[in-house]
Amino acid sequence: EIEKLRFREKLDFQIKVDENLNVKETKIPTMLLQPIVENAVNHGVFNKVENGKVTIKFNVVNTQTIEVKIIDDGVGFANTKSKQKKHNSSNVIADRLKFLNQTGIWNITFENKELNSEAEDKGNQAIFIITNLR
């Protein structure tokens, strides 16, 4: 909501939670999603001419695993004015995943891909598969 105010209503967002996900019991590591959501807003949607949208989806895979998708309809990595920032956030995610996976508490994978390579606003989809091992 704060980013929406900052973008003067240029930003729309949606958070979808699988009805089978127990939101009171399910935990994900702190600050895991933040760099990706921030990139989607500040570098994908911000650089669009028209309004942009970020969607975050939480889906149950099984009793210990959830899938989190962060989808934006922004300009895409190739058109981003700040490619260095994107690279830095990729390093942040890689470091966080490395250390989280070493704890024995989590097994987390991450995939990031462009959605529409032929479109001007290519969009992006980041996918985390988060398994709680305890």
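Keep in mind it's a predicted model, so treat the numbers as computed, not measured.
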Using the side chain to side chain contact (heavy atoms under 4.5 Å, CB included) criterion, which residues pair with E25? Sequence neighbours excluded.
N22
L32 and L97: side chain to side chain contact (heavy atoms under 4.5 Å, CB included), yes or no, with the steps?
CA-CA 8 Å; L32 181 64; L97 291 176; 3.9 Å; yes
Sequence neighbours excluded, every pair satisfying side-chain hydrogen bond (donor to acceptor under 3.5 Å, both in side chains) that has a member inside residues 92-101
none
Determine whether more than 12 heavy atoms belonging to other residues, nucleotides or ligands lie under 6.0 Å from atom CD of E50.
no
Which residues pass the side chain to side chain contact (heavy atoms under 4.5 Å, CB included) test with E111, sequence neighbours left out?
K113, I127
Pair up each side-chain donor or acceptor in residues 59-68 with any protein partner under 3.5 Å, not counting sequence neighbours, and list the distances.
residue, atom, partner, partner atom, Å
N59, ND2, E67, OE1, 3.4
N62, OD1, Q64, N, 2.9
N62, OD1, T65, N, 2.9
N62, OD1, T65, OG1, 3.2
Q64, NE2, N132, O, 3.1
T65, OG1, T131, OG1, 2.8

Residue pairs meeting ring-ring contact (aromatic ring centres under 6.0 Å, His included), one or both in residues 16-42, sequence neighbours left out, come to none
Hydrophobic cluster partners of L115 (side-chain heavy atoms under 4.5 Å)
I71
Can any side-chain N or O of T26 pair as donor or acceptor with the backbone N or O of V23 at less than 3.5 Å?
no
Hydrophobic cluster membership, L33 vs F99, 4.5 Å side-chain cutoff
no
Please find the pair of heavy atoms, one from A40 and one from D72, that lie closest to each other, and give the distance.
CB-OD2, 3.5 Å
So, do I108 and I129 sit near enough that their side-chain heavy atoms are less than 4.5 Å apart?
no
Taking only residues at least two apart or on different chains, which pairs with a member in residues 51-72 satisfy ring-ring contact (aromatic ring centres under 6.0 Å, His included)?
none
Got P29 and I130 here, is their nearest side-chain heavy-atom distance under 4.5 Å?
yes
Side chain to side chain donor-acceptor pair (under 3.5 Å) involving Q34 - partner list, sequence neighbours excluded
E38
For F110, check ring pair (Phe, Tyr, Trp, His ring centres under 6.0 Å) against everything at least two apart and list the hits.
F128
Is it true that L133 and L100 fall in one hydrophobic cluster, defined by side-chain heavy atoms closer than 4.5 Å?
no
Check: D12/N51 side-chain N/O donor and acceptor closer than 3.5 Å
no
Atom CG in D73, atom CD in Q125: separation rounded to 0.5 Å?
13.0 Å
Rounded at 0.5 Å granularity, tell me how far CD1 in I70 sits from CD1 in I36.
6.0 Å
Atom pair CD1/NZ of I15 and K57 - distance to nearest 0.5 Å
13.0 Å
